[in-house]
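Would you mind keeping the following structure in view while I ask a few things?
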Amino acid sequence: MIKFTNVFKAFPKGGLALKDVSFHVAKGEFAFLTGHSGAGKSTVMKLIYAEERPTSGEVRVSGYNVNEMRPREVPMLRRKLGIVFQDFRLLEDRTAEENVAFALEVTAARASTISARVMRVLTQVGLAAKAQAYPRELSGGEQQRVAIARSLVNEPTVLLADEPTGNLDERATRGVFQLLRDINASGTAVVMATHDLDLVRQAPYRVIELQEGALVYDSSVDETGGAAPPRDQAVAP
Amino acid sequence: MNLTFREAILTFKRAPLLSVLSVTTIAFSLFVLGLFGLVVVNLQNALRDVEERVEVVAYLLPGAPVEGVAQALKDIEAFPEVQSANYVSEDEALARARAELVELRDVMQELERNPLPASIEIKLKPGFRDTDHVSAVAERLRGFGFVDDVRFGRDWVEKLDRLRGLAAAVGIIVGAAFAVVAIIIIGTTIRMAVLQRSREIAIMRLVGATDGFIRRPFLLQGAIKGLLGGLVAIGLSFGAYALIDRYLLQSSFFTQAQAAGIVAFGALIGLLGSTISVGRHLKRV
């Protein structure tokens, strides 16, 4: 599903954002990507959705080789992925429903399928009643749910969540995390970048930890069973 | 296509102020170009009026045979450059001179014999009223045996040639400069519209929109803005023309085709400006 093999990524002005990173996320898996700010989590995410190309090594995602992708293949890859960010990235001048529909419209889906699928995912994230609300009328947790609904509407095989709870209070964090777990339970692989240690401890999922661009810990490799919590010092604020 | 149209129209609704500003900027850029166009059009009309007066006159020897002259008239009218050829008899020439040269009327009255020769006055078709063509026609006329002399005001025709060349050069250079300024201003305006929506473009890309999909509404929007700007510019130009025509000097406005050309030019610049702005933006992000 996602495979990094000896990936290096250099910053444009020198220095390395990633150093020899290798890991594999299988179909249907849930993996946390942890580490300090600047550890390279976002770079890993950007390589997965082909916003960046590796300097060396190989990145494979959903059958695409990111190293050799032609620009016109990038949108095709992204339609197979759902992407969620800390800052939600919703269009302020569109309702929740329009924001979600937008992701389908760009794929030139039929109008009849769009409205049915949009309502289905809004129901899935518990926001069917607020379909006509604008982002400014929604709480942070609700906005993130709209963003998650948007990422789900194309029925992705992988959901990438880059600090999805970073802007949320504890209650909203729990709700959004539970939603991601439910999505994973229905078969979608989830890669969630976070530095929220409590969240990581709550669930028996795989943990991949980065430090200064290097992969320093992978629970599926370093410990049998793959459910061990990460080392505290690596994720402490 | 439907979606492209909807998105393009939505932008006008979502950012009405910026849209009005864009259309106004485009309109005024094209208005300046239009004003210059009006100057060119009127200058051309004035030159055409002057050109109308270009005439070649062949003076005939006394006693030229009537049949020969009639045949010559037919031959001359068949020249490709010639619009009309008119025979003026000696008597007609004298009558004209009496009417036109009032101050010499007494001298004319005392004449025992008509000193004026008969002539053929030749007008040339538009496009042939320059020195080269006029000289060529004059040379051919000299070939007729009963033609004594041929006059066409060489200096005057040469001056007209130079004036025409100057008007064309100024028209092209200044017109191109105005057009370039209009293109830059319009391009900048459209760039603002693209930057205003850069967040939206980034999100579109994240959810898997192709560059073509992102580009299309902008192109349509640019073309519509250019078209509207062009229409407003034509309206403003017409207002300016009406004022000048009424209070300053009698002038003429664009033909329908020229006006349509300016509107089309606006739409084209809008389209091109958008293509370049969006293309550069998409390449950079």
Side-chain angles (χ1 to χ4, degrees), chain A residues 45-46 48-52 61-62 64 70-85 87-95 98-111 114 118 121 134-135 146-156 158-162, chain B residues 1-23 190-222 224-225 274-285:
Chain A
M45 290 294 199
K46 283 180 181 169
I48 297 175
Y49 61 84
E51 182 73 28
E52 303 272 359
V61 182
S62 288
Y64 288 95
R70 282 176 297 177
R72 77 166 82 133
E73 287 177 316
V74 174
M76 304 308 134
L77 166 67
R78 290 186 184 167
R79 289 175 196 182
K80 291 185 171 187
L81 306 174
I83 313 174
V84 178
F85 294 94
D87 58 358
F88 322 133
R89 301 200 188 174
L90 298 175
L91 297 168
E92 297 297 325
D93 50 11
R94 291 177 204 229
T95 63
E98 286 167 348
N99 263 286
V100 177
F102 190 60
L104 268 182
E105 284 166 351
V106 305
T107 67
R110 281 194 199 159
I114 290 176
V118 168
V121 288
Y134 286 90
V146 175
I148 292 171
R150 182 182 62 193
S151 74
L152 288 178
V153 78
N154 272 319
E155 295 169 350
V158 183
L159 183 75
L160 303 175
D162 195 353
Chain B
M1 189 60 211
N2 237 348
L3 192 69
T4 303
F5 198 72
R6 193 196 74 190
E7 287 291 322
I9 297 301
L10 268 182
T11 310
F12 285 105
K13 270 192 183 168
R14 288 198 189 108
L17 194 69
L18 189 65
S19 301
V20 168
L21 210 68
S22 305
V23 172
I190 287 168
R191 178 122 190 81
M192 269 165 61
V194 173
L195 285 177
Q196 192 224 7
R197 293 185 61 199
S198 59
R199 192 180 135 83
E200 193 170 341
I201 292 175
I203 294 172
M204 285 169 102
R205 288 192 128 179
L206 277 178
V207 297
T210 59
D211 284 358
F213 181 89
I214 296 170
R215 201 179 280 127
R216 280 197 293 271
F218 280 104
L219 302 196
L220 184 62
Q221 201 194 333
I224 292 174
K225 280 180 180 171
S274 303
T275 310
I276 295 166
S277 295
V278 180
R280 278 173 56 188
H281 186 79
L282 287 176
K283 233 179 206 173
R284 207 143 35 81
V285 293

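Computed over heavy atoms, backbone and side chain alike; hydrogens, waters and symmetry mates excluded. Bear in mind the structure is a predicted one, so any value in this text is a computation, not a measurement. Per chain, numbering begins at 1; letters A, B, ... match sequence-line order.
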Taking only residues two or more places apart in sequence, or in another chain, which ones meet B:Ser274 in a side-chain hydrogen bond (donor to acceptor under 3.5 Å, both in side chains)? none
Verify side-chain contact (heavy atoms from CB on, under 4.5 Å) between A:Leu91 and B:Arg197, making sure each step is shown before the conclusion. CA-CA 10 Å; A:Leu91 297 168; B:Arg197 293 185 61 199; over 6 Å; no
Which heavy atom of A:Pro75 sits nearest a heavy atom of B:Gly208, and at what distance? CB-O, 3.4 Å
Nearest 0.5 Å, what's the CD1-CZ distance between B:Ile203 and A:Arg150?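 Interatomic distance, B:Ile203 CD1 to A:Arg150 CZ, rounded to 0.5 Å: 5.5 Å.
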Minimal non-hydrogen separation, A:Arg89 against B:Leu206, with atom names: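 The answer is NH1-CD1, 3.7 Å.
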Restricting to side-chain hydrogen bond (donor to acceptor under 3.5 Å, both in side chains), what partner residues turn up for B:Asp211, sequence neighbours left out? B:Arg205
Look up atom CD in A:Glu105 and atom CE in B:Met204, then write down how far apart they are to the nearest 0.5 Å. 9.0 Å
Which region of A:Arg72, side chain (C-beta onward) or backbone (N, CA, C, O), has a non-hydrogen atom less than 4.5 Å from a non-hydrogen atom of chain B, or is it both or neither?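 Nothing of A:Arg72, per the 4.5 Å heavy-atom cut-off to chain B.
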Residue pair A:Arg94 / B:Glu200: nearest heavy atoms and the distance that separates them: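 Minimum heavy-atom contact is NH2-OE2, 2.7 Å.
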Minimum heavy-atom distance B:Val207-A:Asn154, with the two atoms named: O-ND2, 4.1 Å
